[in-house]
Amino acid sequence: MTTSDSLFDNTINSDINVNRPEYLDSTTTNISQVNNNDNENDSVDLDKSLITYRVLVSRREAGAIIGKEGSNISQIRDQFDIKAGVSKVVDGCIDRILTISGRVENIADALVNIAKFVLEANLITIEECEANNTNPLRLISYEYPPLRPLSPRPNYKSEEFRTNLFLRLLIPNSQIGTLIGKGGERIRSIQEDNNIKMVASKDFLENSNERSIELQGTFDNLRNALYDISHYLLRDYQGTTSTLYYHPCSPLEPRFSRNNHVSNLNRDDPRIVGKEIIKKISFPNEYIGALIGKRGSRIQEIRNQSHCAVAIENENENEDEREITLVGTKAAVDRAIELLNMYYQREQKRRLNSAE
């Protein structure tokens with residue numbers, strides 16, 4: 001199998017530069033890598049053609065996809081003869097990009113098995129949270145773009161949640177029309193023929209001309225839909241166009257404008273005073289229970305008072321501290337940090353007094 005090595009490698013974390021966008025010339029294509037023979041002969045077997053997908057995932061989902069010591073992603077590569085890589089972690093950023101390339105006949109199976117790894121990790125998290133009387137939604141759902149769902153998802157307690165898989169495909173705007181069709185006819189057809197949900201974002205992802213396509217469905221239905229989507233994209237392929245890829249980056253990191261100039265940070269920058277920033281803070285494991293409170297009462301109080309999203313990572317027996325991720329306006333995040341530190345210092349003082 002041949003493909004563009006400039007987009008992929010066989011390491012767990014790819015060497016793709018995720019810190020700034022690249023402007024791609026007409027010799028490079030994102031969604032499909034089609035042999036010249038495919039363009040010249042419409043009767044060619046599209047199942048043998050190569051196709052490339054970019055998939056938006058959270059940092060936590062990326063961990064489930066990679067697996068312990070890379071076991072899951074290695075299994076996918078070997079089983080389905082595909083190439084796959086996950087973009088590097090960017091401090092302060094909650095999303096990453098999975099890039100996957102292979103033959104059409106293999107790529108759909110690879111993608112649904114990747115989605116299955118994420119579902120299995122979510123189900124384990126739900127069980128752990130229920131055992132600890134905490135709400136799993138803070139770990140398995142996302143309230144802020146670009147990870148915020150485009151359509152409602154099943155209740156995590158329902159049987160539908162346990163059987164439904166989810167994927168966020170990143171598609172260049174130049175190819176979105178292929179999947180939507182005239183008057184939305186094709187996207188309706190894909191949904192009805194395969195009994196899945198499929199929603200396209202209205203806006204581009206930040207500093208790119210990519211849009212998100214969200215897919216929801218059972219294992220077999222989603223696989224069949226991905227197979228159809230791949231065929232549509234390849235069959236209607238009109239040649240390469242310039243694609244500005246979305247790259248995850250820190251909310252306070254200078255962004256590259258469409259003219260490839262660095263934007264200056266100023267008091268009107270939405271990353272500082274706008275809808276959201278992301279900040280992480282760590283506390284010793286032994287104090288996390290006090291910060292959460294009985295049945296999550298204290299952490300819920302912090303959320304309510306600060307109007308900030310607060311997520312606590314799962315305990316790792318090899319780590320002495322646990323990381324808390326805060327997402328909200330700068331004022332909301334500052335208030336949440338103030339409250340967390342207040343409760344932490346209060347608990348420290350209480351324990352000191354008890355020891356005397």
Side-chain angles (χ1 to χ4, degrees), residues 58-61 63 89-96 122 125-149 153 156-157 248-253 265-356:
S58 69
R59 288 175 62 164
R60 186 176 168 280
E61 290 166 347
V89 172
V90 177
D91 288 340
C93 185
I94 61 174
D95 54 316
R96 299 173 71 180
N122 284 340
T125 298
I126 291 169
E127 290 178 5
E128 291 174 347
C129 287
E130 288 179 342
N132 295 325
N133 291 318
T134 58
N135 187 354
L137 288 178
R138 61 187 173 84
L139 296 174
I140 65 173
S141 62
Y142 304 93
E143 302 175 24
Y144 299 92
L147 297 172
R148 182 171 56 198
R153 295 192 173 179
Y156 72 89
K157 296 181 180 180
C249 60
S250 168
L252 296 182
E253 178 183 309
L265 290 176
N266 56 61
R267 65 187 303 273
D268 296 323
D269 194 312
R271 286 164 281 147
I272 299 176
V273 298
K275 290 187 176 180
E276 81 224 35
I277 66 169
I278 303 168
K279 193 162 187 177
K280 295 180 181 293
I281 185 171
S282 297
F283 290 93
N285 278 334
E286 60 192 283
Y287 287 92
I288 293 296
L291 295 178
I292 293 173
K294 188 175 181 181
R295 296 187 178 180
S297 59
R298 183 160 289 169
I299 202 72
Q300 190 59 45
E301 178 185 343
I302 293 171
R303 292 186 181 117
N304 292 339
Q305 288 191 26
S306 66
H307 304 290
C308 179
V310 183
I312 303 174
E313 71 173 357
N314 289 335
E315 185 173 2
N316 185 336
E317 60 183 17
N318 297 321
E319 299 289 340
D320 294 329
E321 293 186 335
R322 286 168 71 180
E323 193 172 69
I324 298 178
T325 301
L326 307 171
V327 183
T329 63
K330 185 177 185 302
V333 169
D334 288 346
R335 176 60 175 157
I337 292 173
E338 179 185 348
L339 291 169
L340 285 166
N341 283 326
M342 180 188 74
Y343 286 123
Y344 172 55
Q345 292 164 9
R346 182 183 296 178
E347 181 64 16
Q348 279 185 313
K349 191 173 182 179
R350 187 193 68 79
R351 295 185 187 188
L352 285 172
N353 292 337
S354 299
E356 293 177 354

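FYI, side chains are in, hydrogens and waters are out, and symmetry mates aren't considered; it's all heavy atoms of this structure. All residue numbers refer to positions in the sequence shown, counting from 1.
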For a quick test of reading the model, state the closest non-hydrogen atom pair linking [X] to [Y] and the distance between them.
X	Y	value
L291	Y344	CD2-N, 3.8 Å
I337	I281	CG2-CD1, 4.1 Å
R59	V90	NH1-O, 3.7 Å
Y142	S58	OH-OG, 2.7 Å
C93	P248	SG-CB, 3.5 Å
G328	C308	N-SG, 4.4 Å

Rounded distance (nearest 0.5 Å) linking atom [atom1] of [X] with atom [atom2] of [Y]:
X	Y	atom1	atom2	answer
I288	S282	CD1	OG	8.5 Å
N122	E61	CG	CD	6.5 Å
T125	L137	OG1	CG	11.5 Å
S306	E301	OG	CD	10.0 Å
Q348	L352	CD	CG	7.0 Å
D334	L339	CG	CG	11.0 Å

Return yes if some donor-acceptor pair links the side-chain N/O of [X] with the main-chain N/O of [Y] below 3.5 Å, else return no.
X	Y	answer
R138	I312	yes
R298	A290	yes
R303	V310	yes

Heavy-atom side-chain contact between [X] and [Y] under 4.5 Å:
X	Y	value
E338	M342	no
I292	N132	no
I140	R60	yes

Review point. Regarding Y343 and E347, is there a side-chain donor-to-acceptor distance under 3.5 Å anywhere?
Key: no
Review point. Is atom NZ of K157 surrounded by more than 12 heavy atoms (other residues, nucleotides or ligands) closer than 6.0 Å?
Key: no
Practice item. May I ask you to check if R351 and Y287 form a cation-pi contact, with NZ or CZ under 6.0 angstrom from the six-membered ring centre and within 45° of the axis? Key: yes
Practice item. Give the intermediate values and the outcome of side-chain contact (heavy atoms from CB on, under 4.5 Å) for residues L139 and I126. Key: CA-CA 9 Å; L139 296 174; I126 291 169; over 6 Å; no
